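First up is the structure itself, then whatever we jot down about it.
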Protein chains: 2
Amino acid sequence: MALRHAVLAALLDGEYSGYQLAKIFDVSVSNFWHAVPQQLYSELAKLEAEGLIRGRRVIQHDRPNKRVYTVTQAGLEELERFAATPAKPGIIRENLLVMVQAVDHISAAPVIEQLEERAKIAAAKVEIFRRTLEHLRGDMDEETYLRHGSPIGPYLTCLRGLRFEQENYEWFTSTARLLRERTAARAEEGA
Amino acid sequence: MALRHAVLAALLDGEYSGYQLAKIFDVSVSNFWHAVPQQLYSELAKLEAEGLIRGRRVIQHDRPNKRVYTVTQAGLEELERFAATPAKPGIIRENLLVMVQAVDHISAAPVIEQLEERAKIAAAKVEIFRRTLEHLRGDMDEETYLRHGSPIGPYLTCLRGLRFEQENYEWFTSTARLLRERTAARAEEGA
DNA sequence: AAAGACATGTAAGGTGTTACATGATTAG
DNA sequence: CTAATCATGTAACACCTTACATGTCTTT
């Protein structure tokens with residue numbers, strides 16, 4: 001059981017519905033945990049059945065009603081136990097890098113296109129994270145926030161996400177350029 | 001079906017057994033695809049049944065016999081199709097970051113310890129990747145290898161892995177130090 | 001003789017992904 | 001009235017993880 005702790009950690013930040021959580025996972029939490037909406041709905045049901053979160057129905061007039069959740073004392077204790085246990089090493093699964101790994105043996109063109117496409121997405125994420133960090137620290141500068149600001153957890157994980165996407169951007173960009181140059185060089189040799 | 005392409009890409013590099021592949025996945029391929037040995041054994045069986053790889057028994061005298069695999073023409077075509085299809089965005093699952101996300105609400109001490117532990121592991125990986133890159137490029141300097149060297153795919157993915165682990169190292173280290181300082185500051189306030 | 005690396009596999013159970021289904025409400 | 005967003009769920013299937021099982025060969 002793994003997703004549960006990511007959900008609990010995300011819910012520490014406030015009361016959220018499955019739908020809201022899905023959006024949060026899609027942007028910020030995806031820095032360290034990937035999950036699709038359906039996983040969240042079923043995980044929330046399980047967590048509530050086990051008493052680690054508590055749900056509350058919210059009647060809305062402008063849009064469909066929803067059910068929002070908060071972490072219970074038992075949930076906090078579960079997180080405490082989790083953090084005291086050695087974390088398994090992280091896992092990555094990145095199809096685009098599989099393609100690059102194989103690029104000596106297959107057509108480079110579609111790989112290059114995808115690298116360029118992903119560079120744009122990475123650049124957009126960088127911008128989102130920059131703004132998220134600015135928003136979190138309000139009128140403090142970064143050093144002050146890091147020393148005294150609160151909450152610090154979400155700020156730190158967002159910082160990691162920012163760096164990761166910056167590295168992605170640079171690697172995607174330089175790799176695409178490099179493969180283009182090599183393809184061009186080969187075309188000239190062939191000519 | 002996802003793991004298959006990572007296995008095919010890894011096998012482009014040469015003939016490997018399941019056991020060897022498991023070690024390769026443990027170090028270099030884990031940069032972009034995580035898999036445990038058992039996954040590899042069963043995936044290799046499936047891939048061979050589908051004709052995407054071909055196995056060959058190797059009799060060894062110094063150690064138990066093994067079965068090594070090479071990518072077939074059909075396997076190459078499968079990789080070609082794969083690379084021509086839009087890659088799904090990558091996924092990350094990192095329990096240690098889940099803990100940091102929650103650090104405002106739980107004891108920081110065990111999280112800090114784990115960050116320091118992981119920083120050491122990241123530093124060791126950085127060293128391994130540096131050596132792998134040196135080994136790949138032989139007597140060329142990096143710029144020359146990037147322009148003309150071969151194979152370029154494994155070099156590029158290793159470069160990405162190196163940067164990722166460098167960033168990990170820096171983030172683990174600075175985050176651990178920061179959380180220590182904040183914990184110390186609180187202890188003084190409390191005193 | 002025991003420990004450790006090499007080498008491969010079966011089976012059970014847990015997790016994740018995908019397709020589908022349903023319906024409310026707002027904005028254009 | 002159509003599309004988009006909000007909101008939640010069921011079910012089937014694919015995939016991954018873990019525990020266990022087995023045996024070879026080398027090193028200490």
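Per chain, numbering begins at 1; letters A, B, ... match sequence-line order. The structure displayed is predicted, hence computed values, not measured ones.
In this structure, A/Leu3 and A/Ala35 approach most closely via the heavy-atom pair CD1-CB, 3.8 Å. Of all non-hydrogen atoms in B/Gly149 and A/Arg182, the two that sit nearest each other are O-NH2, 2.6 Å. Minimum interatomic distance between A/Val71 and A/Leu76 (heavy atoms only, all atoms of both residues): CG1-N, 3.6 Å.
The OH-C1' distance, from B/Tyr19 to D/dC25, rounds to 12 Å in whole Å. At whole-Å resolution of the value, OH in B/Tyr41 and P in C/dA7 are 8 Å apart. Distance, A/Asn95 CG to C/dT17 P: 12 Å, rounded to whole Å. The distance between atom NZ of A/Lys46 and atom P of C/dG16, rounded to the nearest whole Å, is 8 Å. At whole-Å resolution of the value, CG in A/Asp26 and P in D/dC6 are 12 Å apart. Spacing between atom NZ of A/Lys23 and atom C1' of D/dA4 amounts to 11 Å, rounded to whole angstrom units. Look at OH on B/Tyr16: it is 15 Å from P on C/dT8, rounded to the nearest Å. With rounding to whole Å, A/Leu44 atom CG is found 9 Å from D/dT8 atom P.
In this structure, B/Asp139 places its CG atom where only 12 or fewer heavy-atom neighbours from other residues, nucleotides or ligands lie under 6.0 Å away.
Rounding to the nearest 0.5 Å places OH of A/Tyr69 at 9.5 Å from CG of A/Leu11.
A/Tyr16 meets the ring pair (Phe, Tyr, Trp, His ring centres under 6.0 Å) test with no other residue; sequence neighbours excluded. The ring pair (Phe, Tyr, Trp, His ring centres under 6.0 Å) test applied to A/Tyr145 returns A/Tyr155, not counting sequence neighbours.
The terminal axes of the helix from C/dA1-D/dT28 to C/dG28-D/dC1, fitted over 5 pairs per end, subtend an angle of 30° to the nearest 10°.
For A/Phe164 and B/Phe164, the ring centers are positioned less than 6.0 Å apart.
Residues of residues 52-69 of chain B having a heavy atom closer than 4.0 Å to DNA chain D, listed by number: B/His61, B/Asp62, B/Arg63, B/Pro64.
With A/Glu48 as reference, A/Arg67 is the one residue of A/Arg67, A/Arg54, A/Arg4 to meet the salt bridge (Lys or Arg N to Asp or Glu O under 4.0 Å) rule.
Between B/Ser17 and C/dC6 there is no side-chain N or O to OP1 or OP2 distance below 4.0 Å.
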Contact letters for nucleotides 17-22 of chain D, in which S counts primed atoms plus P, OP1 and OP2 and B counts the base, heavy atoms under 4.0 Å: BB----
Under 3.5 Å, sequence neighbours excluded: what are the donor-acceptor pairs made by side chains of residues 85-93 of chain B?
residue: B/Thr85; atom: OG1; partner: B/Arg81; partner atom: O; Å: 2.9
residue: B/Arg93; atom: NE; partner: A/His34; partner atom: O; Å: 3.4
residue: B/Arg93; atom: NH2; partner: A/His34; partner atom: O; Å: 3.0

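By the 4.5 Å heavy-atom criterion applied to side chains, A/Phe32 and B/Leu96 are not counted as neighbours.
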